[in-house]
Amino acid sequence: HRGLAYSHKGEHDKSIADLSKAADLAPKAAGIYLERGNSYARKKENRSAIADYTKAIDLDPKYPVVYYNRGNALINENQFDLAIADYTKAIDIDPKFAAAYSNRGNGYLQKKEFDRAIADATRAIELDPKWVWAYRVRAEAYEAKGEKADADKDRQKAKELEGRPD
């Protein structure tokens, strides 16, 4: 699909225009709204992204990545409770969705619920030991709790996974 090709090339305005035409032709195709939402999100137009993700969810409520993506847009709008709810829904649909756990952990981190952030980041690491973001979330939560040694250990692991020295 041309809208996806534009998106992958970073031409998000063209992607949005093309996907808008596709939505006019196939208004019940949830994937179109997901992809247009992704293009809006890449442009940092979170409210438009949220609207498209919501439309995709209305059309197909069993698609975990849409809840995950809407959660990301909600985090960017500082709507942490709504983001956490979306990540939870994504996890309910796909209990092995490591990224949803780490991002929900980030939501808890933003709310200063550090133990919950650590628990979610730890679960993400159990599911995907190479998921760098989970180590970063957990390190920040440990740091906020004053557990510097654990924070340093997770930061070092994140650096190793990224292939960075020191």
Side-chain angles (χ1 to χ4, degrees), residues 1-16 19 31 34-46 48-50 52-53 56 63-80 82-166:
H1 189 272
R2 193 173 62 191
L4 293 177
Y6 285 137
S7 180
H8 292 297
K9 290 181 1 185
E11 297 180 31
H12 303 302
D13 290 329
K14 287 181 180 179
S15 174
I16 290 165
L19 290 165
L34 166 64
E35 294 303 334
R36 190 173 68 181
N38 290 344
S39 287
Y40 280 125
R42 288 182 188 107
K43 289 183 62 178
K44 309 284 189 239
E45 293 182 18
N46 293 307
S48 294
I50 291 164
D52 271 359
Y53 295 142
Y63 200 22
V65 75
V66 184
Y67 291 98
Y68 171 81
N69 288 1
R70 187 172 71 176
N72 292 342
L74 288 162
I75 283 277
N76 291 334
E77 290 291 310
N78 297 319
Q79 296 184 37
F80 305 121
L82 292 174
I84 288 167
D86 272 358
Y87 296 133
T88 299
K89 185 65 176 172
I91 291 164
D92 288 345
I93 296 167
D94 180 0
K96 295 185 188 243
F97 197 165
Y101 281 99
S102 65
N103 285 22
R104 185 174 72 177
N106 182 50
Y108 287 130
L109 178 66
Q110 301 307 315
K111 291 182 62 174
K112 302 189 183 333
E113 295 182 26
F114 304 122
D115 290 331
R116 293 177 95 175
I118 291 167
D120 271 356
T122 299
R123 181 65 181 135
I125 291 164
E126 289 168 354
L127 292 167
D128 184 353
K130 294 183 178 181
W131 190 250
V132 173
W133 179 244
Y135 290 98
R136 295 199 177 287
V137 168
R138 194 168 71 174
E140 285 190 48
Y142 279 140
E143 185 78 29
K145 288 184 66 172
E147 297 175 17
K148 184 167 175 18
D150 288 328
D152 288 345
K153 182 177 159 191
D154 278 351
R155 282 191 193 96
Q156 184 60 38
K157 182 65 176 179
K159 286 179 184 178
E160 287 172 20
L161 290 170
E162 292 174 328
R164 294 185 354 203
D166 90 295

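Worth knowing before you read on, the calculation uses all heavy atoms, side chains too, and leaves out hydrogens, waters and symmetry mates. It should be emphasised that the depicted structure is a prediction, and the values quoted were computed from it without experimental measurement. Position 1 is the first residue of the sequence, and the numbers go up from there.
When all heavy atoms are compared, the tightest approach of S39 to S15 is OG-OG, 2.8 Å. For H12 against S7, the heavy-atom pair with the smallest separation is CE1-O, 3.4 Å. Taking both residues in full, the closest heavy atoms of A73 and I50 are given as CB-CG1, 3.5 Å, listed atom of the first, atom of the second, then distance. Considering all non-hydrogen atoms of both residues, Y63 and Y67 come closest at O-CD1, 3.6 Å. Taking both residues in full, the closest heavy atoms of A151 and E143 are given as CB-OE1, 3.5 Å, listed atom of the first, atom of the second, then distance. Of all heavy-atom pairs between V137 and A117, the closest is CG1-O, 4.4 Å.
In this structure, the salt bridge (Lys or Arg N to Asp or Glu O under 4.0 Å) partners of E113, at least two apart in sequence or on a different chain, are K111, R116. The salt bridge (Lys or Arg N to Asp or Glu O under 4.0 Å) test applied to D94 returns no partner, not counting sequence neighbours. Qualifying side chain to side chain donor-acceptor pair (under 3.5 Å) partners for N78, counting only residues two or more places apart in sequence or in other chains: none. Residues that satisfy the side chain to side chain donor-acceptor pair (under 3.5 Å) test with Q110, not counting sequence neighbours, are N106. Scored by the side chain to side chain donor-acceptor pair (under 3.5 Å) test, T122 finds R138 as partners (sequence neighbours excluded). Under the salt bridge (Lys or Arg N to Asp or Glu O under 4.0 Å) criterion, K148 pairs with D152, not counting sequence neighbours. Checked against salt bridge (Lys or Arg N to Asp or Glu O under 4.0 Å), K9 has the following partners two or more places apart in sequence or in another chain: E11. In terms of the side chain to side chain contact (heavy atoms under 4.5 Å, CB included) criterion, residue partners of A41 (sequence neighbours excluded) are, by chain and number, A49, Y53.
Distance CD1/I84 to CG/N103: 11.0 Å, rounded to 0.5 Å. The CD1 atom of I75 lies 9.0 Å from the CG atom of L109; values are rounded to the nearest 0.5 Å. With values rounded to the nearest 0.5 angstrom, I93 atom CD1 is found 11.0 Å from T88 atom OG1. The distance from the CD atom of E162 to the NZ atom of K159 is 9.5 Å, given to the nearest 0.5 Å. Separation of atoms CG (L34) and CG (N69) is listed at 6.0 Å; rounding is to 0.5 Å. Considering CG of L74 and CG of L82, their distance stands at 5.5 Å, rounded to 0.5 Å.
Screening residues 123-151 for ring pair (Phe, Tyr, Trp, His ring centres under 6.0 Å), with sequence neighbours left out, gives no hits. Counting only residues at least two apart or on different chains, the ring pair (Phe, Tyr, Trp, His ring centres under 6.0 Å) pairs with a member in residues 96-116 are Y68-F97. Residue pairs meeting the salt bridge (charged side-chain N to carboxylate O under 4.0 Å, His left out) criterion with at least one member in residues 122-133, sequence neighbours excluded, are R123-E126. Residue pairs that meet the salt bridge (charged side-chain N to carboxylate O under 4.0 Å, His left out) test with at least one member in residues 68-80, sequence neighbours left out, are R47-E77, R70-D86.
With a 4.5 Å cut-off on side-chain heavy atoms, K145 and I118 count as touching.
Around CZ of R42, the count of heavy atoms belonging to other residues, nucleotides or ligands within 6.0 Å exceeds 12.
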